[in-house]
Number of protein chains: 2
Amino acid sequence: MTDVARLAGVSHQTVSRVLNGHPNVREQTRLRVRAAIAELGYRPNKAARALVTGRSQLIGVVAQNSTLYGPASLLAAFEAAAAEAGFAVSVGRVNVLDRNSISDAVERHLDQRVAGIVVIAPTASANEAVGEVSAGIPLVTVDGDPERSTPLVTVDQAAGAFAATTHLLSAGHRTVWHVSGPSDWFDSLGRIRGWRTALETAGLEVPPVVPADWSASSGYRAGQMLARMPEVSAIFAANDHLALGILRAMSERGRRVPHDVSLVGFDDVPEAAYFIPPLTTIRPDFDAVAKETLELLLAQVSDGDVGAPQRTVAPSLVQRDSVAPPAE
Amino acid sequence: MTDVARLAGVSHQTVSRVLNGHPNVREQTRLRVRAAIAELGYRPNKAARALVTGRSQLIGVVAQNSTLYGPASLLAAFEAAAAEAGFAVSVGRVNVLDRNSISDAVERHLDQRVAGIVVIAPTASANEAVGEVSAGIPLVTVDGDPERSTPLVTVDQAAGAFAATTHLLSAGHRTVWHVSGPSDWFDSLGRIRGWRTALETAGLEVPPVVPADWSASSGYRAGQMLARMPEVSAIFAANDHLALGILRAMSERGRRVPHDVSLVGFDDVPEAAYFIPPLTTIRPDFDAVAKETLELLLAQVSDGDVGAPQRTVAPSLVQRDSVAPPAE
DNA sequence: TGCCTTGATGTTAGCGATAACAGGGCCTGT
DNA sequence: ACAGGCCCTGTTATCGCTAACATCAAGGCA
């Protein structure tokens, strides 16, 4: 930086002012400094800046160490959004979403003097942990508890589930069964709520929830059970991989989809169009979630506290070939 | 830090020595300092340390912005491995793997004074870009060109493909067709090589490669073509999603897997066991790749240059129900 | 005894940036 | 013509840490 200042014939402080877009710099000086920067290939040292300002151009993300499609896509989308805004992203993976792991991960980020933290907290335990952590630093929760009063961005699970269920009902089915995700995930809860609401507003019977986790294997087990029940004609699966397991169970038992059983998934994984049959599903807009998250975070960074805004992003229905009117 | 020093009755430099495990500190002093640290809940400022040492405890990763299963799993595994070794990981996503994007991403990491950089460079263009960048900083390429003389870790694609092909041949098939990934990926090239070698060493005819990208949709198109050819009895797909597309094409044309056509994939995605039928596939060991990568990187960090070691990680065959002897 | 080595600790000087204040032109109003 | 601003720029201090050197006591050896 001193070299740049010398070459441009100014003080290092003026160089700093140019770098930070300070208004009170003469245009001519600004150009000279820029030229010197370019000539020397100078790049500012972020560590030094972080030291003196107390904040770096880094955003810390705390996420569960999983390759589940939803969280992974969200993370990728967020990294892209942050990069566009000139922020680097440091990811702190965590194996279990309990209090210790999360607060450890957050503190590791604090050590790096991150500008803000994003926690992907889709389960109840994660949510509690976040509650205790928030230590005077910009923080946004993604996929967390809608009841909590912190800045939060989520996919509108209930709306998606409502759309899926309504779509099945409008094909003529008398009721819709639901194979759910793990009960400690807010995503699962929201999807159950939307499904139930859709049935109730239609004045229909609400069958018991079939519990599962997010895996194809648990979907398969749930599917084996549902395949044995002739009265089941429509199923809303809490995600596409569950739906895949259900498809296999149906196929093994000779129940054809969509002829005998209609099925809707959730997530729109890239290969869902190539399931047998192609899966009708709900597509969350991860890019939108990432964008909103970054916006809320940066608002906190620049304006300090901004209350506890909550944003939800509406998912959309993708129609393929796994839904048909009931057989009879 | 000064507070800690005061409480422990020593100088700040001694605190620093304790923090860095310097040998020449009396045991008693060390304990006093540790107690003071714990009492005050002191955490060192990494930005200051990075400033004075010129290196941070950050590892930069450059990866393509995709949710492809392989790269995503690799990234997750690497983050876990790095966290275990006390390093944070900053991810620089890149939309296209060309020279500019990659060198931009690398320079952004350099600004952060990262301790080392990992580039996931599965394509030829990425590989070239890396060649020009390597600027006196520890750097490891993953999934790159085996011909290049830089530290490199890859999955042994050829060995996996060889195993898949041999497995199909030993079931009694007269030859094996291959649906390949994009031709600018080293992964594709390695898999083609392994497949070809297996056929040649068995003294068999080598059918033309069926080109595709990694998507289920391109697998479906390839599958439609292969389904029309009665002589095709065994297929090795370059990944599981291609295999999924092929399965659907076969199912639509009434060719049963594995009765009429046998199929092997690559990747072992979590849901592969729930395809119809469950897919026999090759499982790369991403954890091992991540571990080796970190090892090579840290070796460079501590010992300076260490030549250009290359490590390959052998994948394994996972047998399920998509392979059977030929029908006739 | 006295000099030299060694281990434990303290002191000082940066690392490369920004913040806060100081100062010198130039324009304005009277 | 001169005080009082506003621009623009420079000087100095500082962030929290580690490197390098300085210091001092204790012990080995001639």
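Just so we're on the same page: letters track the sequence lines, and every chain starts at 1. Keep in mind it's a predicted model, so treat the numbers as computed, not measured.
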A.B. asks: What's the CD-P distance between Q13(B) and dA19(D), to the nearest Å?
C.D. replies: 8 Å
A.B. asks: How many whole angstroms separate atom NZ of K46(A) from atom C1' of dC15(C)?
C.D. replies: 18 Å
A.B. asks: Which nucleotide, dT18(D), dG10(D), dT9(D), lies nearest any side-chain atom of V10(A)?
C.D. replies: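 When the side chain of V10(A) is considered, dG10(D) is the closest of dT18(D), dG10(D), dT9(D).
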A.B. asks: Without decimals, in angstroms, what is the distance between E27(B) CD and dA8(C) P?
C.D. replies: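 It is 10 Å, rounded to the nearest whole Å.
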A.B. asks: If the cut-off is 4.0 Å, is T2(A) near the phosphate of dG16(C), judged by side-chain N/O to OP1 or OP2?
C.D. replies: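 The answer is no; no side-chain N or O of T2(A) sits under 4.0 Å from OP1 or OP2.
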A.B. asks: Thinking salt bridges, do D3(A) and R6(A) make one under a 4.0 Å N-O criterion?
C.D. replies: yes
A.B. asks: At less than 3.5 Å, do the side-chain atoms of R113(A) and the base atoms of dG16(D) form a donor-acceptor pair?
C.D. replies: no
A.B. asks: What heavy-atom pair brings Q64(A) and R93(A) nearest, and what distance separates the two atoms?
C.D. replies: O-NH1, 3.7 Å
A.B. asks: Looking only at side-chain N and O atoms, does T14(A) come under 4.0 Å of OP1 or OP2 in dG10(D)?
C.D. replies: yes
A.B. asks: When you check the phosphate oxygens OP1 and OP2 of dC15(C), does a side-chain N or O of N45(A) lie under 4.0 Å from one of them?
C.D. replies: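 No, N45(A) has no side-chain N/O under 4.0 Å of OP1/OP2 on dC15(C).
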A.B. asks: Using a heavy-atom cut-off of under 4.0 Å over every strand shown, decide if N24(B) touches base, sugar-phosphate, or nothing.
C.D. replies: base
A.B. asks: Donor-acceptor pair under 3.5 Å: do we get one between H12(A)'s side chain and the base of dT12(D)?
C.D. replies: yes
A.B. asks: Hey, which of these two, R32(A) or M1(B), hits DNA chain D nearer its 5' end, going by closest nucleotide?
C.D. replies: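 Closest to the 5' end, via its nearest nucleotide, is R32(A).
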A.B. asks: When you measure from the side chain of R17(B), which nucleotide among dT9(C), dC15(D), dT12(C) comes out closest?
C.D. replies: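 Between dT9(C), dC15(D), dT12(C), the one nearest the side chain of R17(B) would be dT9(C).
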A.B. asks: Tell me: NE2 of H22(B) to P of dA8(C), nearest whole Å?
C.D. replies: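 Going from H22(B) (NE2) to dA8(C) (P), I get 9 Å.
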A.B. asks: In whole angstroms, how far is the C1' atom of dA17(C) from the CG atom of L51(B)?
C.D. replies: 8 Å
A.B. asks: S11(A) has a side chain; which of dT9(C), dG10(D), dG16(D) sits nearest to it?
C.D. replies: dG10(D)
A.B. asks: Measuring from the side chain of S16(B) (C-beta onward, heavy atoms only), which nucleotide among dT18(D), dG16(C), dA20(C) has the closest atom?
C.D. replies: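 Among the listed nucleotides, the one closest to the side chain of S16(B) is dT18(D).
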A.B. asks: Roughly, in whole Å, what's the span from CG in L31(B) to P in dA8(C)?
C.D. replies: 14 Å
A.B. asks: Looking at T29(B) and V10(B), what are the two nearest heavy atoms and their distance?
C.D. replies: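 Taking every non-hydrogen atom into account, CG2-CG1, 3.8 Å.
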A.B. asks: Taking all atoms of both residues into account, what is the closest heavy-atom pair of Q112(B) and S56(B), and its distance?
C.D. replies: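 Closest approach of Q112(B) to S56(B): O-OG, 3.6 Å.
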A.B. asks: L74(B) and F286(B): which non-hydrogen atoms are nearest, and at how many Å?
C.D. replies: CD1-CD2, 3.9 Å
A.B. asks: Using a cut-off of strictly less than 4.0 Å, decide whether T29(A) has a side-chain nitrogen or oxygen near OP1 or OP2 of dT9(D).
C.D. replies: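 For T29(A), the contact criterion (side-chain N or O under 4.0 Å from OP1 or OP2 of dT9(D)) is met.
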A.B. asks: Please give, in whole Å, the distance from dC27(C) P to R26(A) CZ?
C.D. replies: 12 Å
A.B. asks: Provide, to the nearest angstrom, the distance between the CD atom belonging to Q112(A) and the C1' atom belonging to dG16(D).
C.D. replies: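 Rounded to the whole Å, the gap is 15 Å.
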